[in-house]
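Protein chains get the first letters and strands the later ones, always in sequence-line order, with residue 1 at the start of each. Since this is a predicted model, take the numbers as computed values, not measurements.
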Amino acid sequence: MVFPTTLIKAVKGTRDLLPPFTENWNAVEREARAVFRAYNYGEIRTPILEETQLFARGVGADTDIVNKEMYTFDDRDGSSLTLRPENTASVIRAYIEHRLDQRPGVQKLYYIGPMFRRERPQAGRYRQFYQIGAEAIGSESPAVDAEVIEMVIEILGRAGLTGFELLINSVGDHNCRPQYVEKLRTALEPVAASLCGDCQRRAVTNPLRVLDCKVEADQPIIDKLPNILDHLCDACRTHFDAVKRHLDDRGLEYTVRPRMVRGLDYYMRTTFEVVHGGLGAQNSVLGGGRYDGLAESLGSKVHSPGIGFSIGEDRLVMSVAARESSALDLCIAPLGEPALRHAALLARDLRRGGASVEIAEGKLKRILELANKLGARFTLIVGDNEINAGRYALKEMATGRQEEVTRDEIAPKLGAARN
RNA sequence: GUGGGUGUAGCUCAGCUGGUAGAGCGCUGGAUUGUGGUUCCAGUGGCCGAGGGUUCGAAUCCCUCCACCCACCCCA
């Protein structure tokens, strides 16, 4: 193909999802919605565009996401807008804006949709990526933490994911975490010089990140650093113990990872993550945690503690077995113009009945070839003979068997053979 | 932002040390009338990522870009 001008392609880090692959996406979303419904979660759809300030205040102005990974641009009136890099801040914004705190009970909301981060793409990580997430807002109860975690594990299972691991941790709250970070900073000072270059930088900018380091040589040093779970305040300690107890009650298996750190500033107390092999370096399928101070930092006068998670849908879809694409029920082969018009009405009625039907034009041989390639289960031959007799030739593609049927017999035949 | 890898047909790739392109799959048509899958035959298809350089001659060697992939940073 030669084009007079440069070929336009999908922008870097974005991609087209094509059939039949989109079936896998729909299947995952279908299962997720069913689980959300069972746990009494309602869907929320927030705008993809938000004021930049929302993320700066919510996610944290010092985070990499806000500093260098957002799609931010000026609107015509000069205001700064951003394509959402995550959805929790938006959901809380909507919660505050619409006074959902006045509604009865814990507000349980879920969302499915695209997020945007301007990162360098790599396996399992795109600039436009999709998240399935949920937030439970209005309770500090550790039982809610456990239920949220149970729910997300349920979703993964129903989506068909196996061989994953649940990791949990507590990152403390505004009382104990700052103290811990200071202790960490102090402990790092004498040893920082012997750590890798990245860690030397992290020791100053974001000491918690040192705990995440994957460099083998650094591990012995990191192992000796103070452990956050030893520095939780009583309230956080009690909360975390209760979460674990509730998880145990449910028989959920998990690993406590004191070194698991979250990238977003708003997390406090419970954090969790699910990892899965076979995703390359991006082994995290979902992440979540509690964010009891987020609403206030977004200007809420009402204390609105919450916990939520988001599943990386791209990664989940990538990790679950591909579904069989739904087969075409019937291909109609009209022979000649009058037959085509006749077939159109026949197809419409069968489609109304729920069958998937394709009409193909051309020579019969061609149509049968096509029906075969399309995976049609049946082909219906409609020629002048058939129309006059009121009986059509219905051919079962797998067996090659062909029989005469009346108009009314077609739909039942399609339905009967569907299993 | 940094590092590494790869760019040849719609797809997967071959093309050694320079002589202006191949295979498989796919797609189209045919093996006579209204019967597919298997088979056989034929055809379609590429400015060899782009630009420059060396050379009588470049897909092949050199340089510069660009794109994609993977990894780092960071993160779901």
### Query
Quick one: which of A:Leu232, A:Leu208, A:Val171 gives a side chain to side chain contact (heavy atoms under 4.5 Å, CB included) with A:Tyr180?
A:Leu208
### Message
Check the phosphate of B:C73 against A:Arg202, side-chain N and O only, distance under 4.0 Å to OP1 or OP2. Yes or no?
### Response
yes
### Query
Is any side-chain N or O of A:Gln122 closer than 4.0 Å to OP1 or OP2 of B:A71?
yes
Could you tell me how far [M] sits from [N] if I compare only their [atom1] atoms? Round to whole Å.
N	M	atom1	answer
B:A14	B:G30	C1'	30 Å
B:C72	B:A9	P	31 Å
B:G5	B:C65	P	16 Å
B:C11	B:U17	C1'	31 Å
B:C48	B:G7	P	15 Å
B:U6	B:C13	C1'	13 Å

## Note on the structure
Between A:Arg118 and A:Gly13, whichever has its closest RNA chain B nucleotide further toward 5' is A:Arg118
### Query
Starting at the 5' end of RNA chain B and moving along, which residue's nearest nucleotide shows up first, A:Ala10 or A:Ser310?
A:Ala10
### Message
Once hydrogens and angles are ignored, does a donor-acceptor distance under 3.5 Å link the base of B:A76 to the side chain of A:Arg117?
### Response
yes
### Task
Classify the side chain of A:Arg120 versus the base of B:C69 as yes if they form a donor-acceptor pair under 3.5 Å and no if they do not.
no
Between the side chains of [X] and [Y], does any donor sit under 3.5 Å from an acceptor?
X	Y	result
A:Glu150	A:Tyr39	yes
A:Thr72	A:Thr82	yes
A:Ser80	A:Glu51	no
A:Asp329	A:Ser356	yes
A:Tyr392	A:Glu409	no
A:Thr14	A:Gln128	no

### Summary
A correct dot-bracket answer for RNA chain B, with pairs being Watson-Crick or G-U at under 3.5 Å, [ ] for crossing pairs and | for inter-strand pairs, is (((((((..((((........)))).(((((.......))))).....(((((.......))))))))))))....
Sugar-phosphate, base or nothing in reach of [X], heavy atoms under 4.0 Å:
X	value
A:Ala123	sugar-phosphate
A:Lys373	sugar-phosphate
A:Arg125	base
A:Phe309	nothing
A:Val274	nothing
A:Glu119	base
A:Leu264	sugar-phosphate

### Task
Hey, could you give me the OG/CD distance between A:Ser141 and A:Glu147, rounded to the nearest 0.5 Å?
9.5 Å
### Aromatic contact, A:His276 with A:Phe164 (centres under 6.0 Å)
no
### Task
Going 5' to 3' through nucleotides 29-41 of chain B, assign each nucleotide B (protein heavy atom under 4.0 Å from a base atom), S (under 4.0 Å only from sugar-phosphate atoms) or - (no protein heavy atom that close).
SS---BBBB----
### Query
Rounding to a whole Å, what distance do you find between A:Asp198:CG and B:C73:C1'?
6 Å
#### Entry: Nearest atoms (heavy-atom pairs only) where A:Asn169 meets A:Arg259
ND2-N, 4.5 Å
#### Entry: Non-hydrogen atoms of A:Lys395 and A:Gly400 that approach each other most closely
NZ-O, 3.5 Å
### Query
The side chain of A:Arg201 lies closest to which of these nucleotides: B:C69, B:C74, B:A76?
B:C74
